Protein chains: 2
Amino acid sequence: MVTMQDVAERAGVTKQTVSNVVTGRVAVRPATEARVRAAIAELGYVPNLVARSLATGSSRTVGLFVPTVSAPFYADVVEEVEDALEERGYRLLLCTTRHDGERARRHLAALASRSVDALLIAGDQDLTGHLPLLADARFPVVLCAWEAALPDGFPVVTVDYEHGGHLAGRHLRELGHERALVLASPAHTVRAAGFLRAFREDGVELPADAVRTAAEPTFRGGLVAALDALRARPDTTALFATHDVLAVAAVEAARALGRTVPDDLSVVAHDDTPAGLLSGTALTSVVLPKREMARRAVDLALGAAAPPGTRPQLLLPSLVPGASTARAAGPSGA
Amino acid sequence: MVTMQDVAERAGVTKQTVSNVVTGRVAVRPATEARVRAAIAELGYVPNLVARSLATGSSRTVGLFVPTVSAPFYADVVEEVEDALEERGYRLLLCTTRHDGERARRHLAALASRSVDALLIAGDQDLTGHLPLLADARFPVVLCAWEAALPDGFPVVTVDYEHGGHLAGRHLRELGHERALVLASPAHTVRAAGFLRAFREDGVELPADAVRTAAEPTFRGGLVAALDALRARPDTTALFATHDVLAVAAVEAARALGRTVPDDLSVVAHDDTPAGLLSGTALTSVVLPKREMARRAVDLALGAAAPPGTRPQLLLPSLVPGASTARAAGPSGA
DNA sequence: CTGAAAGCGCTTACAG
DNA sequence: CTGAAAGCGCTTACAG
């Protein structure tokens with residue numbers, strides 16, 4: 001492997017001068033610089049980042065924890081984070097936790113050796129118990145896409161999930177719906193609460209069992225829960241699915257019961273990534289600002305942003321209308 | 001930050017001895033080891049991997065290129081590779097190319113600095129043109145999930161895609177199907193060829209236009225192509241989709257045309273990851289040994305496996321029967 | 001089994 | 001603007 005020393009000898013200077021040319025930190029006389037650059041090209045020199053890391057203390061690498069990469073939401077988050085990092089000249093060390101706290105802990109230990117300049121953690125399910133371990137990490141830790149209780153002591157940039165649910169509820173209220181269901185994942189209580197609030201603010205108090213929790217956040221789990229719910233309350237005209245997969249399941253359930261979306265049932269999805277990909281109808285959906293979230297989290301982690309403070313950054317989701325919602329048919333009770 | 005030197009002073013030994021304890025490379029007297037371990041615990045020492053990398057020349061990190069992480073197939077590949085790496089104590093540096101050769105080239109340059117012990121490249125679309133750049137990489141490069149022409153000079157562990165197509169064809173032939181279509185992605189010519197061969201071997205020559213290429217490998221692209229194909233050849237009784245999303249689209253197209261799967265149309269998918277996730281019916285599918293592929297690729301890359309040789313390793317896919325295929329109705333032409 | 005020395009390839013002040 | 005020196009934190013032979 002050709003080193004800085006080799007280049008220096010070739011160019012008739014000190015390796016120090018080569019360093020100055022490569023880093024651009026100190027100005028070098030044009031003639032010297034030209035000689036150095038020529039030598040670099042001739043020798044095919046490429047700097048050793050490991051050596052640089054040891055000297056500077058920065059590896060230009062950032063770790064990212066996500067529960068999985070198989071869920072469309074997290075797949076998008078990973079790519080957004082990667083983009084944000086690349087723009088800043090950083091590389092991405094990916095760790096999936098697979099909803100396994102122990103696995104997360106192991107990953108953490110592996111990163112503890114300062115081989116990373118910062119750590120981003122997306123999704124709250126698995127790490128919450130291990131957060132104290134992060135307190136004495138030797139690099140900044142930033143949390144994002146955090147729906148559960150926001151922990152103290154860490155910078156957080158996440159989405160106002162309550163607001164997202166509220167948007168879904170308001171949309172359906174504006175279309176005149178009164179009998180609505182929420183098809184929820186166990187972890188999505190905040191979104192569901194926002195939805196209920198929209199109805200309540202409007203004078204419509206949905207019954208406690210309007211929120212149906214799928215046993216598991218899969219298509220099958222959603223299908224079972226949706227069939228169940230729609231059979232138990234056949235007069236339901238609208239449904240809010242807190243998760244993309246659940247929304248697809250809800251549409252399928254309606255279909256299986258002979259109902260048409262949106263004519264007989266309006267469906268609002270939450271961050272409906274695969275809808276455009278895997279379903280015929282574009283779903284009306286709450287959309288999360290994933291790119292913005294990734295960018296802010298990266299800026300925060302790399303110290304390019306304003307000092308953390310303790311206040312979490314809450315980004316606002318928006319509602320994107322699709323073909324899965326329509327005005328409620330006829331007056332209530334008809 | 002506490003260093004090996006700090007531990008050494010605390011334990012009353014040389015940092016050399018601490019190193020011996022930490023790496024376990026050289027035996028240390030039990031009493032000494034105990035003192036060292038105690039000092040490590042008291043000080044909370046954790047070795048600096050960057051320094052170790054510089055000294056040893058190994059960063060215990062492997063790069064992985066995939067086109068995207070949003071496609072279920074590659075999401076699975078990423079997680080399988082991550083698992084294989086973790087078992088061997090390596091970390092994963094993820095680079096998505098997004099079907100962009102230029103982006104791939106930039107990533108490559110960023111890794112050229114020996115900060116990685118090996119590079120795995122999954123998926124062939126984007127890198128093919130830049131493969132020569134890899135020839136003088138200073139780390140082993142292993143290709144996997146490579147369907148296009150296998151390049152010389154690189155170890156490859158991939159799947160016998162032709163065999164996968166053949167399995168799909170044989171399955172449908174055994175069910176008595178004679179009029180079949182292939183719904184293909186542009187890049188999936190090998191799978192399609194295997195399918196045609198199965199019919200041909202059986203004396204059934206499918207017409208040239210039996211292979212319909214979707215304009216884009218998305219749900220919408222598949223839907224358009226499938227509707228088109230099924231309208232043009234209404235007597236079709238079976239369909240092989242070379243891509244998971246296309247299979248879901250084909251089912252949807254059949255439905256839209258008033259046909260039932262599998263009664264009026266048998267559908268075989270290829271590596272149907274999201275079927276269980278996002279569709280009601282479990283699709284009959286060619287399944288790829290992703291885990292095995294990941295493991296072999298990692299072993300090869302890390303030199304834990306037999307020397308590369310030039311012969312590509314071809315793993316065999318299998319056919320997993322689901323609910324989307326059935327015996328062809330009546331005699332041919334009925 | 002333990003210690004003194006050199007080295008991995010770079011950067012960072014600090015003189016000239 | 002350029003060069004000599006020290007140091008980043010570890011490992012690797014090599015003596016004792």
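Source: prediction; values computed, not measured. A note on names: the letters A, B, ... follow the listed sequences, proteins ahead of strands, and every chain is numbered from 1.
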Which atom pair, heavy atoms only, marks the closest approach of A/Leu49 to B/Ser113?
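Reported closest heavy-atom pair: CG-CB, 3.4 Å.
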
Whether over 12 other heavy atoms sit under 6.0 Å from B/Arg291 CZ:
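Count not over threshold, so no.
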
Interatomic distance, [X] atom [atom1] to [Y] atom [atom2] [nearest 0.5 angstrom]:
| X | Y | atom1 | atom2 | value |
| --- | --- | --- | --- | --- |
| B/Leu64 | B/Leu85 | CG | CG | 8.0 Å |
| A/Phe139 | A/Thr61 | CZ | OG1 | 12.0 Å |
| B/Gln313 | B/Glu292 | CD | CD | 8.5 Å |

Using modelled atom types and a 3.5 Å cut-off, is there a donor and acceptor pairing between side-chain atoms of [X] and backbone atoms of [Y]?
| X | Y | result |
| --- | --- | --- |
| B/Glu79 | A/Val69 | yes |
| B/Ser53 | B/Ser58 | yes |
| A/Arg52 | A/Asn48 | no |
| A/Thr68 | A/Ser70 | yes |

Secondary structure of DNA chain C per the Watson-Crick/G-U criterion (both distances under 3.5 Å; [ ] crossing, | other strand, . unpaired) is |||.||||||||.|||

Distance-only donor-acceptor hits, side chain of residues 12-28 of chain A, under 3.5 Å, sequence neighbours excluded:
from: A/Thr23; atom 1: OG1; to: A/Ser19; atom 2: O; distance (Å): 2.9
from: A/Thr23; atom 1: OG1; to: A/Arg25; atom 2: N; distance (Å): 3.2

List the residues meeting side chain to side chain donor-acceptor pair (under 3.5 Å) with A/Arg35, not counting sequence neighbours, and say none if there are none.
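Applying side chain to side chain donor-acceptor pair (under 3.5 Å) to A/Arg35 gives none.
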
Are any non-hydrogen side-chain atoms of A/Trp146 and A/Cys144 less than 4.5 angstrom apart?
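Side chain of A/Trp146 against side chain of A/Cys144, heavy atoms only: no contact under 4.5 Å found.
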
Mind running a 4.0 Å heavy-atom check of [range] against DNA chain C and sending the residues that fall below it, in number order?
| range | answer |
| --- | --- |
| residues 33-54 of chain B | B/Leu54 |
| residues 1-11 of chain B | none |
| residues 15-30 of chain B | B/Gln16, B/Thr17, B/Val26, B/Ala27, B/Val28, B/Arg29 |

Residue met sooner reading DNA chain C from 5', once B/Val13 and A/Thr56 are mapped to nucleotides:
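Mapping each residue to its closest nucleotide by heavy atoms, the 5'-most match is B/Val13.
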
